[in-house]
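One structure is given below, encoded as structure tokens.
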Amino acid sequence: LLHAPAPPPAVIVSAGSASAEVSATLLALSDLAAQIGGHTTVEDLAVALGWRIRQTIPCDLLVFYLRDRVSDDLVAVHASGTDGDVVKGLRLRTGEGLSGWVALNRTTIMNSSGALDLADRRRLMSATLDSALATPLLARDHVVGVLTLYGTARDAFTSEHQQVVEFAARQSGPALERALSFEQDRMASLFDAETGLPNEKYLERVLASAAYVGKADGPKPGILLLVDVQRGTGIDPDGGAALAPRPADVLLRLAATAR
């Protein structure tokens with residue numbers, strides 16, 4: 001069964017000063033999500049949110065799964081902690097594993113086996129994840145993804161941990177959705193809407209990146225080709241208008257010339 005018996009009640013803090021520290025961390029997390037959610041990448045936002053959450057809830061691994069809008073799979077877009085590099089990029093179908101079940105049912109699960117999510121990657125892990133705390137990430141009443149914390153100890157999480165992670169998820173869901181939109185808008189601005197080819201803004205980014213790498217690693221030889229595609233002289237049999245050469249044809253000719 002996915003649901004494990006609830007552990008005995010335990011508190012994340014035991015003193016007033018510690019409670020104030022947790023409250024301050026959660027307030028900072030809320031402010032962070034509100035301020036930068038629509039102005040940064042998903043990875044940068046996940047790093048910042050994950051760091052705040054791990055300050056409050058001890059765990060061995062924290063993963064943000066986001067729903068792929070095309071396939072509807074959950075994709076581990078960020079993983080911090082033990083074996084994070086093994087888990088990052090993991091795909092789960094809706095309903096698959098512990099986190100997939102949480103996405104499907106929109107219900108938090110606490111202290112079920114984290115191994116339920118790992119499938120074939122389980123053998124690559126350096127430690128067994130015996131506990132997990134997973135909660136859905138929602139925005140405007142639809143599932144954006146799942147936030148899952150894993151622990152190597154059994155019954156690693158408490159009811160207070162659950163309250164904290166659910167609060168964090170309420171802040172993170174809308175912020176991550178805005179970050180996704182930010183990334184999509186930024187990518188759209190780098191390509192020509194008609195041809196789908198990279199535009200001047202894309203070229204500026206590539207040159208800036210090359211200049212940065214050149215400063216760090218030293219200059220490297222390269223070739224820059226600028227192609228201005230003009231209208232061709234052919235006649236469209238349907239409309240009679242002059243045809244522009246297809247971008248793919250131009251690139252093939254350039255490739256043949258470069259050889």
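All residue numbers refer to positions in the sequence shown, counting from 1. This one's a predicted model, so the numbers in the text were calculated from it and none came from an experiment.
For the pair Gly151 and Ala156, the tightest heavy-atom approach, listed with the atom from each and the gap, is CA-CB, 4.4 Å. Shown here for Ala132 and Gly114, the closest heavy-atom pair between the two residues is CB-CA, 3.9 Å. Across Pro58 and His161, no two heavy atoms sit closer than the pair CD-NE2, 4.0 Å. Smallest separation of non-hydrogen atoms from Val63 and Ala76: CG1-CB, 3.7 Å. Between Arg106 and Pro136, the shortest heavy-atom contact is C-CG, 3.7 Å. The heavy-atom pair separating Ala169 from Pro174 by the smallest distance is O-CD, 4.4 Å.
Here the straight-line distance linking atom CG of Leu147 with atom CD of Glu166 works out to 10.5 Å at 0.5 Å rounding. Considering CD of Gln171 and CG of Leu176, their distance stands at 11.5 Å, rounded to 0.5 Å. The OG1 atom of Thr158 sits 8.0 Å away from the CD1 atom of Ile57 when rounded to the nearest 0.5 Å. Here the OG atom belonging to Ser172 is positioned 4.5 Å from the CZ atom belonging to Phe64, to the nearest 0.5 angstrom.
Tracing side-chain contacts under 4.5 Å through hydrophobic residues (I, L, V, M, F, W, Y), one reaches Leu90 starting from Met125; they form part of the same cluster. Follow the hydrophobic side-chain contacts under 4.5 Å out from Val75 and you reach Leu149 in the same cluster. Tyr150 and Val86 fall within a single hydrophobic cluster, where Ile, Leu, Val, Met, Phe, Trp and Tyr side chains are chained together by heavy-atom contacts under 4.5 Å. Clustering ILVMFWY residues whenever any of their side-chain heavy atoms sit less than 4.5 angstrom apart, transitively, puts Val143 in a cluster other than the one holding Leu104. Leu124 and Leu98 fall within the same hydrophobic cluster, where Ile, Leu, Val, Met, Phe, Trp and Tyr residues are linked whenever their side-chain heavy atoms come under 4.5 Å apart, directly or through other members.
For CZ of Arg154, the number of neighbouring non-hydrogen atoms (other residues, nucleotides, ligands) closer than 6.0 Å is 12 at most. For Asp85, the CG atom counts as densely surrounded, since its 6.0 Å shell holds more than 12 non-hydrogen atoms of other residues, nucleotides or ligands. Counting non-hydrogen atoms of other residues, nucleotides and ligands closer than 6.0 Å to CZ of Arg123 gives a total of 12 or fewer.
Side-chain polar atoms of Asp60 and Thr82 form no donor-acceptor pair below 3.5 angstrom. A donor and an acceptor atom, one from each side chain of Thr108 and Gln162, are nowhere located under 3.5 Å apart.
Under a 3.5 Å cut-off, the side chain of Thr56 and the backbone N or O of Arg54 do not form any donor-acceptor pair. No side-chain donor-acceptor contact under 3.5 Å links Arg67 to the backbone of Ala103. A distance-only check finds a donor-acceptor pair linking the side chain of Asp83 to the backbone of Ser126 [under 3.5 Å]. Proximity of a side-chain donor or acceptor of Asp68 to a complementary backbone N or O of Ser71 within less than 3.5 Å is detected. At distances below 3.5 Å, at least one donor-acceptor pair connects side-chain atoms of Ser131 with backbone N or O atoms of Ala153. Under a 3.5 Å cut-off, the side chain of Thr148 and the backbone N or O of Leu62 do not form any donor-acceptor pair. No donor-acceptor distance shorter than 3.5 angstrom exists from the side chain of Gln163 to the backbone of Glu160, with no hydrogens or angles considered. Side chain of Asp117 to backbone of Ser99: a donor-acceptor contact under 3.5 angstrom is found. The main-chain N or O of Asp130 is never found under 3.5 Å from a side-chain atom of Thr128 such that the two would form a donor-acceptor pair.
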- Task: Go through the steps for Val47 and Glu43 under the test side-chain contact (heavy atoms from CB on, under 4.5 Å), then give the verdict.
- Result: CA-CA 6 Å; Val47 168; Glu43 175 62 18; 3.4 Å; yes
- Message: Determine whether Leu92 and Asp73 satisfy the following criterion, side-chain contact (heavy atoms from CB on, under 4.5 Å), listing intermediate values before the conclusion.
- Response: CA-CA 6 Å; Leu92 298 171; Asp73 291 346; over 6 Å; no
- Message: Show, in sequence, the C-alpha distance, side-chain angles and deciding distance for His78 and Lys88, and conclude whether the side-chain contact (heavy atoms from CB on, under 4.5 Å) test is met.
- Response: CA-CA 6 Å; His78 171 78; Lys88 188 172 182 180; 5.7 Å; no
- After noting the C-alpha distance and the side-chain angles of Leu66 and Val144, does the key distance pass the side-chain contact (heavy atoms from CB on, under 4.5 Å) rule? CA-CA 6 Å; Leu66 292 187; Val144 177; 3.9 Å; yes
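Contact annotation: the side chain of Leu61 approaches that of Leu129 to within less than 4.5 Å [non-hydrogen atoms, C-beta and beyond]. Side-chain contact between Thr94 and Trp101 is absent, with no heavy-atom pair separated by less than 4.5 Å. Residues Trp51 and Ser80 have side chains not in contact (no heavy-atom distance under 4.5 Å, counting atoms from C-beta outward). Put simply, the side chain of Leu118 reaches to within 4.5 Å of the side chain of Val87, judged on heavy atoms. Looking at heavy atoms from C-beta onward, Val42 lies in side-chain contact with Leu180 at the 4.5 angstrom threshold.
Under the 4.0 Å criterion applied to side-chain N and carboxylate O atoms, Glu177 and Arg140 are assigned as salt-bridge partners.
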